[in-house]
Student: 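Sharing a structure, written as structure tokens. Questions coming.
The sequence lines fix the lettering, A, B, ..., with proteins before strands; numbering per chain opens at 1. This one's a predicted model, so the numbers in the text were calculated from it and none came from an experiment.
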Number of protein chains: 2
Amino acid sequence: MQGLKKKTAETGGQRAAEVAYSAIRTGILNSRWKGGSHLREQELASAIGVSRTPVREALRRLNAEGLVTLVPNLGARVNDWKAHDLDEIFGLRALLESYAVELAASRIGEDEIAELKRLCEKMEGLIVEGQRIDHQRMSVYNDRFHGILYEASGNGRLRQLLKQVVEMPLVLRTFARYERRDLMRSMNHHREIVEALQAKDGAWAASVMRSHVRAGRAVFLDAATSS
Amino acid sequence: MQGLKKKTAETGGQRAAEVAYSAIRTGILNSRWKGGSHLREQELASAIGVSRTPVREALRRLNAEGLVTLVPNLGARVNDWKAHDLDEIFGLRALLESYAVELAASRIGEDEIAELKRLCEKMEGLIVEGQRIDHQRMSVYNDRFHGILYEASGNGRLRQLLKQVVEMPLVLRTFARYERRDLMRSMNHHREIVEALQAKDGAWAASVMRSHVRAGRAVFLDAATSS
DNA sequence: TATAAGTTCGTTGTATACAAAGCAAGCATG
DNA sequence: CATGCTTGCTTTGTATACAACGAACTTATA
């Protein structure tokens with residue numbers, strides 16, 4: 001339970017509940033605890049350096065977001081992910097994310113398309129023959145790419161649902177070992193989506209996005225069974 | 001602020017946070033406060049008969065569900081609904097609900113189909129020439145009809161998202177004045193969905209469901225502009 | 001008068017004390 | 001030996017006291 005507490009300088013400006021939330025959240029996403037672990041309020045509270053009150057608030061929020069499961073009088077357990085759960089989640093994600101690009105196709109502007117292209121270049125730049133791939137950086141660019149599309153959909157609640165659905169299985173990203181050809185295909189999808197958006201062809205963009213998500217599902221399924 | 005507190009017999013078995021949650025929730029759904037009202041924690045607490053702690057928990061939950069909006073250090077305000085919000089919500093609902101019946105088509109059993117038919121009959125029985133329609137009862141049956149479909153989708157997270165999305169604008173149900181022909185059409189939709197499910201034709205069921213939701217949107221839009 | 005700093009009060013945020021629920025070990029009893 | 005009860009401990013749930021923040025009002029100053 002060491003290392004959860006961040007430097008006072010960072011936490012100073014924020015509310016304790018927010019600090020607790022992000023501390024626990026990053027802990028879960030970095031697999032500090034394994035799936036099914038019981039998260040004790042007092043333990044978390046002293047590790048983070050706040051009282052139980054904001055910790056409880058954080059746990060409720062994480063429960064609503066699907067990262068932990070709360071049982072009355074028994075507390076919180078870290079969710080673990082079976083193949084069935086991933087099927088549910090990726091099914092929803094394919095649906096929502098393709099809907100988002102379909103909406104985006106008729107609303108997205110030149111600036112955002114330019115930004116998408118820049119991100120494509122950056123991501124492709126990370127795939128160099130014979131070199132190890134910086135997955136961390138890749139994730140950042142990829143998240144930004146998809147985030148721009150959520151925004152461009154113009155539907156705030158859709159954006160919110162998507163962020164939630166996408167985040168759930170993110171614990172497995174650590175274990176997801178993208179092969180080079182998976183990544184190449186991913187890059188091609190991105191490029192094709194941008195092209196479809198530029199052509200204002202929502203159906204095309206949506207179709208590619210569905211493929212994109214379902215291809216990602218396969219990688220995560222491997223991660224789930226092997227972790 | 002009277003009348004929020006229920007009889008002790010009812011509240012006795014439940015946790016205070018749960019009591020607070022459903023008290024505030026039903027208050028909002030019954031338009032006890034108008035959109036934009038500031039909900040004060042102490043006020044709610046004494047009205048319900050619990051302390052601020054469970055009230056705060058309830059407000060966070062209602063915030064996550066989209067019924068209130070929480071601003072740090074300023075508290076909770078009851079959400080109000082403009083045409084734009086309804087467009088977002090019904091767009092999502094059409095998407096998710098049609099996906100649900102599409103999944104349900106290949107999984108639903110005879111028992112559930114029989115139950116759907118029974119509900120159709122009950123609802124149709126409420127529409128009698130020259131008599132006032134019992135909208136309260138209609139809502140109960142209608143919710144149960146759709147609930148069965150959510151379950152039959154076999155996707156727990158989809159069910160959860162749908163419940164959330166459907167509940168958001170439910171404040172307006174009070175003001176939604178369904179004309180007789182709106183209801184007749186609704187009944188026809190229900191019947192057609194059941195038939196499509198029985199034929200295991202997911203695409204058909206999904207298509208009718210999309211129409212069903214979008215027709216509902218129009219009624220709610222009227223309610224939003226007139227309330 | 002207009003503006004800015006100071007003040008007060010109401011409300012939310014956090015810590016802490018206490019109540020109640022769950023669980024396990026030990027004991028009694030059939 | 002198995003079953004059920006008791007007891008003690010751990011953990012969560014709730015109430016309450018206090019701290020911190022924000023908004024409106026007051027006062028000082030140009």
Side-chain angles (χ1 to χ4, degrees), chain A residues 1 4-25 27-28 32-34 36-64 67-79, chain B residues 1 4-25 27-28 32-34 36-64 67-79:
Chain A
M1 289 299 297
L4 269 184
K5 190 181 337 191
K6 297 190 178 176
K7 292 198 299 289
T8 333
E10 294 177 32
T11 65
Q14 301 193 58
R15 309 191 339 271
E18 194 66 25
V19 175
Y21 167 75
S22 52
I24 301 171
R25 178 176 170 277
I28 292 174
R32 188 185 300 269
W33 307 278
K34 49 183 157 187
S37 302
H38 186 184
L39 298 181
R40 269 163 271 262
E41 295 174 357
Q42 185 56 61
E43 218 170 303
L44 293 169
S46 17
I48 299 170
V50 298
S51 80
R52 274 179 57 213
T53 310
V55 168
R56 282 176 64 83
E57 188 175 326
L59 288 174
R60 303 300 150 121
R61 191 166 156 199
L62 290 164
N63 176 62
L67 289 186
V68 308
T69 299
L70 231 50
V71 181
N73 291 316
L74 291 182
R77 294 189 172 279
V78 179
N79 280 348
Chain B
M1 288 297 299
L4 269 185
K5 192 182 334 192
K6 297 189 179 177
K7 292 197 297 288
T8 334
E10 293 177 33
T11 65
Q14 300 192 59
R15 298 173 332 174
E18 193 66 24
V19 175
Y21 167 75
S22 52
I24 301 172
R25 178 176 170 278
I28 292 175
R32 187 185 301 270
W33 307 279
K34 50 182 156 186
S37 301
H38 186 184
L39 299 181
R40 270 163 272 262
E41 296 174 358
Q42 185 56 60
E43 219 170 305
L44 293 168
S46 19
I48 300 170
V50 298
S51 80
R52 274 179 57 214
T53 310
V55 168
R56 282 176 65 83
E57 188 175 326
L59 288 174
R60 303 299 148 118
R61 192 167 155 199
L62 291 164
N63 175 62
L67 289 186
V68 308
T69 298
L70 231 50
V71 181
N73 290 316
L74 291 182
R77 293 188 173 280
V78 179
N79 279 348

Student: For H38(B) and L74(B), indicate whether the former's side chain and the latter's backbone hold a donor-acceptor pair under 3.5 Å.
Tutor: yes
Student: Working to the nearest 0.5 angstrom, can you tell me the gap between R40(A) CZ and S46(A) OG?
Tutor: 12.0 Å
Student: My understanding is that only one of E41(B), Q42(B), E43(B) makes a side-chain hydrogen bond (donor to acceptor under 3.5 Å, both in side chains) with R52(B); could you say which?
Tutor: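 By the side-chain hydrogen bond (donor to acceptor under 3.5 Å, both in side chains) criterion, R52(B) pairs with just one of E41(B), Q42(B), E43(B): E41(B).
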Student: Within the sub-3.5 Å range, which N or O atoms of nucleotides 11-15 of chain C have a protein N or O partner, and how far apart are they?
Tutor:
residue, atom, partner, partner atom, Å
dT11(C), OP1, R40(B), NH1, 3.4
dT12(C), OP1, H38(B), NE2, 3.2
dT12(C), OP2, E41(B), N, 3.2
dT12(C), O3', N73(B), N, 3.4
dG13(C), OP1, N73(B), N, 3.0
dG13(C), OP2, R56(B), NH1, 2.6
dG13(C), OP2, R56(B), NH2, 3.2
dG13(C), OP2, R60(B), NH2, 2.9
dG13(C), N7, R52(B), NH2, 2.9
dG13(C), O6, R52(B), NH1, 3.0
dT14(C), OP1, A16(A), N, 2.4
dT14(C), OP1, A17(A), N, 3.4
dA15(C), OP2, S51(A), N, 2.7
dA15(C), OP2, S51(A), OG, 2.7
dA15(C), O5', S51(A), OG, 3.4
dA15(C), N7, T53(A), OG1, 2.7

Student: Over the length of the helix from dT1(C)-dA30(D) to dG30(C)-dC1(D), how much do the five-pair end axes diverge, rounded to 10 degrees?
Tutor: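 End-to-end axis angle for the helix from dT1(C)-dA30(D) to dG30(C)-dC1(D): 0°, rounded to 10°.
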Student: For the atom pair CG (L59(A)) and CD1 (I24(A)), what is the distance rounded to the nearest 0.5 Å?
Tutor: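 One gets 4.5 Å once the value is rounded to the nearest 0.5 Å.
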Student: Is it the case that the side chain of R77(B) and the backbone of T69(B) share a donor-acceptor pair, with hydrogens and angles ignored and the cut-off at 3.5 Å?
Tutor: no
Student: Rounded to the nearest 0.5 Å, what separates atom CZ in R56(B) from atom CG in L44(B)?
Tutor: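 Between R56(B) CZ and L44(B) CG, I get 12.0 Å after rounding to 0.5 Å.
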Student: Regarding E57(B) and R60(B), does a basic nitrogen lie under 4.0 Å from an acidic carboxylate oxygen?
Tutor: no
